[in-house]
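To start, the structure itself, in structure tokens.
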Amino acid sequence: MTYQPGLRLPGYYEYYAAPLKMVSTPDGGMAAWRMSIETGDWEPANHLIDKVLFARGGEVDRVSQQEFVELCEETRARYLQGTGPVYALYETRRAITDAVEREDRPFTLQERALLAGLSRETYMMFEEELRRAGSPGADPSLGRD
């Protein structure tokens with residue numbers, strides 16, 4: 001699809017509770033990538049570009065880069081299982097969110113800050129692994145900004 005003037009790329013979205021990003025391509029176009037909840041990797045989603053850009057309902061929300069990173073890591077922590085350092089950090093994240101839910105209370109400022117820091121770290125770790133594996137949709141730099 002051709003890039004539309006006035007459209008800011010990259011764009012970050014929550015599309016039906018799944019992370020979706022739209023990025024510019026080297027040829028001046030744009031591409032969409034949606035996270036797979038089975039693998040945490042990015043699947044091509046160009047077929048969703050018009051639906052996201054012209055959404056009228058409440059199932060598509062544009063989010064900031066920081067919110068996008070947190071959404072990605074909430075999703076990965078919720079659906080993925082494995083071994084290694086990133087999964088240990090996902091366990092820490094789950095322990096915090098489970099305690100808050102069990103105690104039926106809001107997150108403290110310290111818990112929010114810890115979750116935001118964990119999100120940036122695990123995002124970079126996971127995306128770097130995807131990049132090493134050759135995933136064209138991986139972008140570890142988002143966790144650094």
Side-chain angles (χ1 to χ4, degrees), residues 1-82 84-101 106-145:
M1 174 167 249
T2 305
Y3 177 75
Q4 297 178 349
L7 178 64
R8 290 179 300 140
L9 294 178
Y12 307 106
Y13 301 87
E14 182 175 0
Y15 179 80
Y16 288 89
L20 182 139
K21 60 184 175 180
M22 288 195 283
V23 297
S24 57
T25 59
D27 64 357
M30 67 178 156
W33 297 92
R34 185 175 184 192
M35 181 187 286
S36 163
I37 63 170
E38 287 86 25
T39 66
D41 198 355
W42 298 100
E43 299 175 337
N46 290 343
H47 65 285
L48 298 175
I49 291 174
D50 286 344
K51 290 180 181 181
V52 170
L53 292 178
F54 303 110
R56 294 179 187 240
E59 300 300 334
V60 179
D61 292 313
R62 187 173 180 115
V63 296
S64 70
Q65 181 177 321
Q66 178 181 341
E67 291 169 322
F68 181 76
V69 167
E70 290 179 22
L71 174 63
C72 289
E73 295 315 287
E74 285 173 22
T75 303
R76 287 174 174 150
R78 182 178 307 129
Y79 294 107
L80 302 180
Q81 304 242 337
V86 73
Y87 292 99
L89 293 173
Y90 287 153
E91 283 297 320
T92 300
R93 177 186 197 88
R94 280 193 288 270
I96 294 166
T97 57
D98 288 350
V100 167
E101 288 176 11
F107 288 96
T108 66
L109 291 176
Q110 294 84 358
E111 289 166 334
R112 286 184 191 277
L114 180 57
L115 288 174
L118 282 172
S119 292
R120 286 188 302 275
E121 184 67 26
T122 56
Y123 185 88
M124 286 188 301
M125 292 169 70
F126 203 96
E127 294 286 309
E128 286 170 357
E129 186 59 36
L130 290 175
R131 176 151 295 158
R132 280 192 290 276
S135 175
D139 183 3
S141 70
L142 295 182
R144 291 185 195 106
D145 296 336

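Keep in mind it's a predicted model, so treat the numbers as computed, not measured.
The structure places CZ of R62 at 11.0 Å from CG of L20, a figure rounded to the nearest 0.5 Å. Here CG of D98 is found 8.0 Å from CZ of R94. Values are rounded to the nearest 0.5 Å. Going from atom CH2 of W33 over to atom NZ of K21 covers 8.0 Å, rounded to the nearest 0.5 Å. We find the CD-CG distance between E74 and L118 to be 12.0 Å, quoted to the nearest 0.5 Å. Here the CZ atom belonging to R8 is positioned 11.0 Å from the CE atom belonging to M22, to the nearest 0.5 angstrom. With rounding to the nearest 0.5 Å, the separation of CE in M124 from CG in L142 is 10.5 Å.
The shortest heavy-atom contact between G40 and R76 is O-NH2, 2.8 Å. Closest of all the heavy-atom pairs between A138 and L130 is CB-CB, 3.7 Å. Here the shortest heavy-atom pairing between E121 and L89 reads CG-CD1, 4.2 Å. I37 approaches L80 most closely through the heavy-atom pair O-CD2, 3.6 Å. Residues T75 and A17 approach most closely at OG1-O, 4.5 Å, considering heavy atoms. Here the shortest heavy-atom pairing between Y13 and L71 reads O-CD2, 4.1 Å.
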request  = Evaluate the side-chain contact (heavy atoms from CB on, under 4.5 Å) criterion for residues L115 and T97: first the C-alpha distance (whole Å), next the side-chain angles of each, then the deciding distance (0.1 Å), finally the verdict.
outcome  = CA-CA 9 Å; L115 288 174; T97 57; 4.2 Å; yes
Checking side-chain contact (heavy atoms from CB on, under 4.5 Å) for the pair E67/E14: CA distance, chi angles, key distance, verdict? CA-CA 9 Å; E67 291 169 322; E14 182 175 0; over 6 Å; no
inquiry  = Let's go through V86 and E129 carefully: what are the C-alpha distance in whole Å and the side-chain angles of both, what is the deciding distance for side-chain contact (heavy atoms from CB on, under 4.5 Å) to 0.1 Å, and is it a yes or a no?
reply    = CA-CA 10 Å; V86 73; E129 186 59 36; over 6 Å; no
Discussion item. Go through it in stages, so that I can follow the logic: the residues are R34 and L48, the test is side-chain contact (heavy atoms from CB on, under 4.5 Å), and I'd like the CA-CA distance, side-chain angles, deciding distance and then a yes or no.
Written reply: CA-CA 9 Å; R34 185 175 184 192; L48 298 175; 4.0 Å; yes
- Test side-chain hydrogen bond (donor to acceptor under 3.5 Å, both in side chains) on S36 and E38 and set out the steps. CA-CA 5 Å; S36 163; E38 287 86 25; 3.2 Å; yes
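For F68, the ring-ring contact (aromatic ring centres under 6.0 Å, His included) partners two or more places apart in sequence, or in a different chain, are Y12, W42. For the ring-ring contact (aromatic ring centres under 6.0 Å, His included) test, residues two or more places apart in sequence or in another chain that qualify with Y87 are Y90.
Between R131 and E128, none of the side-chain N atoms (NZ, or NE/NH1/NH2) sits under 4.0 Å from a carboxylate O, so this pair counts as no salt bridge.
Under the side-chain hydrogen bond (donor to acceptor under 3.5 Å, both in side chains) test applied with S119, the options R93, E70, E73 reduce to a single match, R93. The only member of V23, I49, N46 that meets side-chain contact (heavy atoms from CB on, under 4.5 Å) when paired with M30 is I49.
Counting heavy atoms from C-beta on, the side chains of E111 and V100 come closer than 4.5 Å.
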